[in-house]
Amino acid sequence: DAGVIQSPRHEVTEMGQEVTLRCKPISGHDYLFWYRQTMMRGLELLIYFNNNVPIDDSGMPEDRFSAKMPNASFSTLKIQPSEPRDSAVYFCASSLRGNGYNEQFFGPGTRLTVL
Amino acid sequence: RKEVEQDPGPFNVPEGATVAFNCTYSNSASQSFFWYRQDCRKEPKLLMSVYSSGNEDGRFTAQLNRASQYISLLIRDSKLSDSATYLCVVKTDSWGKLQFGAGTQVVVTP
């Protein structure tokens, strides 16, 4: 079975440009999470969805960040305009709620560098 | 104060030795607990859940102390392949939201 798929795997862009990260969760999973990981701050939850509906976006750093989940098999995280401090690895994860146990399966991540 | 705190390490461990480390969490209402493993430049993966009575999975033993709000992980007979960062993870709500610690780095040496 395919795991969580993210694209692109690497992105290098210049400050001020728009960046769009994409995620395809594991088929059948009803939760989708976006995380950001840096050396300084570790793994931070940005936003998560349940059945395509955003549940908690309190981790989104500012209005430059937005996320959508138009259907159960696709989500995007957009940064506009991007800044050098946005450089990080962005992970998407999905899980299936059941029996109170929610193992999250992570994608390979998108390594973003903003120059 | 961070919700989940870990000693960043690194813990340098000779092959075959035992290593143990803890993490503490601040939310007494936390519901579930896990250890995830993250290899260098890879994604985190679930290592094991942590049950109230303690549990083992092969060479790995996890313990939970709710009164003192800490979780521990012990690795016996360390292998070179155990070198990784171990993330302490706490589930804080019924939706499945997880709080990750910053990780403890373990380096197993020949």
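Protein chains get the first letters and strands the later ones, always in sequence-line order, with residue 1 at the start of each. The figures here come from the full heavy-atom set of this structure, side chains too, leaving out hydrogens, waters and symmetry mates. For clarity, every value in this text was computed on a predicted model and none was experimentally measured.
Here CZ of A:F106 is found 8.0 Å from CD of B:Q38. Values are rounded to the nearest 0.5 Å. The CG atom of B:L98 sits 4.0 Å away from the CD atom of A:Q104 when rounded to the nearest 0.5 Å. The CG atom of A:L45 lies 9.0 Å from the OG1 atom of B:T92; values are rounded to the nearest 0.5 Å. The distance from the CD atom of B:E43 to the CD atom of A:Q37 is 11.0 Å, given to the nearest 0.5 Å.
Residue contact with chain A, scored on non-hydrogen atoms closer than 4.5 Å, is absent for B:Q99. In this structure, chain A has no heavy atom under 4.5 Å from any part of B:K45. Neither the backbone nor the side chain of A:R41 comes within contact range of chain B, judged by heavy atoms closer than 4.5 Å. A:F105 does not touch chain B: none of its heavy atoms, backbone or side chain, sits under 4.5 Å away.
Crowding of A:N71 atom CG: a count of heavy atoms from other residues, nucleotides or ligands under 6.0 Å exceeding 12. More than 12 heavy atoms of other residues, nucleotides or ligands sit less than 6.0 Å from atom CD of B:E15.
In terms of modelled atom types and a separation under 3.5 Å, the side chain of A:Y31 and the main chain of B:K97 share no donor-acceptor contact.
Clustering ILVMFWY residues whenever any of their side-chain heavy atoms sit less than 4.5 angstrom apart, transitively, puts A:I26 in a cluster other than the one holding A:F49. Hydrophobic clustering, with ILVMFWY side chains joined whenever heavy atoms are under 4.5 angstrom apart, groups A:W34 together with A:V19. Cluster annotation: A:F33 and A:L77 are assigned to distinct hydrophobic clusters (Ile/Leu/Val/Met/Phe/Trp/Tyr, side-chain heavy-atom contacts under 4.5 Å, transitive). A single hydrophobic cluster is not seen to contain both A:L96 and A:I5; linkage of ILVMFWY side chains at heavy-atom distances under 4.5 Å, directly or through other members, places them apart. Transitive grouping of hydrophobic side chains (ILVMFWY, heavy atoms separated by less than 4.5 Å) brings A:F91 and B:L46 into a common cluster.
Here the side chains of B:Y36 and A:E103 are in contact, with some heavy-atom distance below 4.5 Å. Under the 4.5 Å side-chain criterion, counting only non-hydrogen atoms from C-beta, A:Y35 is not in contact with B:P44.
With respect to chain A, the highest number of heavy-atom pairs below 4.5 Å among B:K2, B:R41, B:Q31 belongs to B:R41.
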